[in-house]
Number of protein chains: 2
Amino acid sequence: MPQHAINPNVSVDCVIFSFNNQELEVLLIERSAGNTDKVDEIKALPGNLIYEDETLDCGAQRVLTELTGLENIFLEQVYTFGDPDRISKKHDQDWLRSIRAHPEARVITIAYTSLINKERFNLTPSSFARNAVWIKVKDVPQLGFDHNDILEKALDHLKSKIYTEPLGYELLPDRFTLAQLQKLYEAILDDKFDKRNFRRKILRTSFIVPLNEKQQGVAHKPAGLYRFDKALFHQM
Amino acid sequence: MPQHAINPNVSVDCVIFSFNNQELEVLLIERSAGNTDKVDEIKALPGNLIYEDETLDCGAQRVLTELTGLENIFLEQVYTFGDPDRISKKHDQDWLRSIRAHPEARVITIAYTSLINKERFNLTPSSFARNAVWIKVKDVPQLGFDHNDILEKALDHLKSKIYTEPLGYELLPDRFTLAQLQKLYEAILDDKFDKRNFRRKILRTSFIVPLNEKQQGVAHKPAGLYRFDKALFHQM
DNA sequence: TGGCTATGTGTAATAATTACACTAAGTTTG
DNA sequence: CAAACTTAGTGTAATTATTACACATAGCCA
């Protein structure tokens, strides 16, 4: 493997969302630093310093892959965090000393986000990620560094995007019911909608197209399945 | 003046918009590097490296003030640009060599933006800004570095913000006509609106309140003046 | 077969959007 | 000083979007 020069001042962090049919989840790693115990208990967003010769977008891809095994994820930039003290809390410093050449260097971080269907990907944590786990957004604990702020910002970003872009078709199976889609909107916007009005609105767009198939094996009237038609969407 | 350590890898650039009652303008500086001639011809956004011990927001404020004299401008982060080659074009390097300790260091930049009423501020360029000028957005020439991309992104940001926030009251005089406001919306969104519909929509919000005053000395029927009521706005 | 559960559907009232054309007020010009 | 010029200011009808609301239905299960 070739050796890359690391930029000591610039990192990327990835906020990857998924949906378990009820709630939004976010991908976190558990720090593994070798010997000490305490630092291991802290969860964080997958992130790391970039290389001198890669773009920010590529850095985000690479770091995400290295830490979690996720590959070819479409990542979008959200915001940049640069408080001079953002990595100087004691337990963060303790941990950084175990993995970085210049643990005290000031680091600004560029946050990236994506939405994926977790069923489609395997997590294979490595590098300093002892583990990679999906945690319900509502259950996210205190994270390392300023990662709770970063998550917050990514959530805001998600909320504002859902009004203009048909998000969430990456979060759902290829074939989904309108109830699933509604649950997803409700989870992202943290709100409730009227079923009839929601369906009318979705179907009016006409790039959510009905398949001639129904759910199977559910203990109630089976719902019709729909799919997202990308071609139709891009025509508009 | 105290000496500050400079972070060689992180800069900020400011995209400051103003409005001349017809068109959007953006604030650019002309590079001044002392001796050579060629490099002086290039315009750029005001921007520079940050200090190790300041936040990004503060850095943006400081750099803007140092280069243009603008003070206490509310700056908002837009996007971060980090292509490894973004500052390596020949004429950019020539100029950087004249002002930086490490002209070849990789620099990522965080773009900030703001809207101001240029009548309310004086430009007093200094540091390496030989001059600071308002240029119509439509007339912006080829800029240094990737500053045309940055301007583009800031414009997109502006367009998307105008739908949710009552932008542009900072761009207008305290007392303005609805025609001025409409022109501003048209300039930002690069579109035309129907006068009656526009007025109805604006007045429906009810935080644009009529003053009992009219324009004076215009060669046509004078328009009524309005003001933006911040208190009323924040109630919603 | 009766109960359970989530699906799927319609309508009326209200609000928002669009398209469209003429009179009015003040200044300038001849 | 009258006519011409320029921009301000106004209303309506047609269309579309939003909101609020209740009941019959399909398939499973006990």
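Lettering of chains follows the sequences in order, A, B, ..., and the numbering in each one begins at 1.
Between B/Tyr185 and B/Phe193, the distance from one ring center to the other does not fall under 6.0 angstrom. In summary, the aromatic rings of B/Phe81 and B/Tyr79 are positioned with their centroids under 6.0 Å apart. The distance between the ring centers of A/Phe176 and A/Tyr226 does not fall below 6.0 angstrom.
For the pair B/Arg200 and C/dA16, the criterion of a side-chain N or O lying under 4.0 Å from OP1 or OP2 is not met. At C/dT17, one or more side-chain N or O atoms of B/Arg204 fall inside 4.0 Å of OP1 or OP2 (strictly under the cut-off).
What separates NE2 of B/His220 from P of C/dT29 is a distance of 14 Å, to the nearest Å. Taking atom CD on B/Gln216 and atom C1' on C/dT27, their separation rounds to 13 Å, with Å as the unit. Across the protein-nucleic acid pair, B/Leu178 atom CG and D/dT10 atom P stand 9 Å apart, rounded to whole Å. Between the CD atom of B/Gln180 and the P atom of D/dT7 there is a distance of 13 Å, rounded to whole Å. Across the protein-nucleic acid pair, A/Lys183 atom NZ and C/dA6 atom C1' stand 9 Å apart, rounded to whole Å. Rounded to whole angstrom, the span from the CG atom of B/Asp194 across to the P atom of D/dG9 amounts to 15 Å. D/dA8 atom C1' lies 12 Å from atom CD of B/Gln182, rounded to whole Å. One can place NZ of B/Lys214 at 8 Å from C1' of D/dA8, the figure rounded to the nearest angstrom.
At the heavy-atom level, B/Lys201 lies under 4.0 Å from the strands shown only through sugar-phosphate atoms.
Nearest-nucleotide assignment on DNA chain D puts the 5′-proximal partner with B/Leu203, out of B/Leu203 and A/Ala219. Each of A/Ala223 and A/Arg196 has a nearest nucleotide on DNA chain C; the 5'-most of these lies closest to A/Ala223.
Between B/Lys161 and B/Asp156 no salt bridge is recorded (no basic side-chain N to carboxylate O distance below 4.0 Å).
The side chain of A/Asn197 has D/dC21 as its nearest neighbour among C/dC20, D/dC21, C/dT7. The listed nucleotides are C/dA24, D/dT10, D/dA26; the one nearest the side chain of B/Lys221 is C/dA24.
Note: A/Ser18 OG to A/Trp134 CH2 = 4.5 Å, rounded to the nearest 0.5 Å.
Side-chain to base pairing of A/Arg199 with C/dG8: no donor and acceptor N or O lie closer than 3.5 Å to each other.
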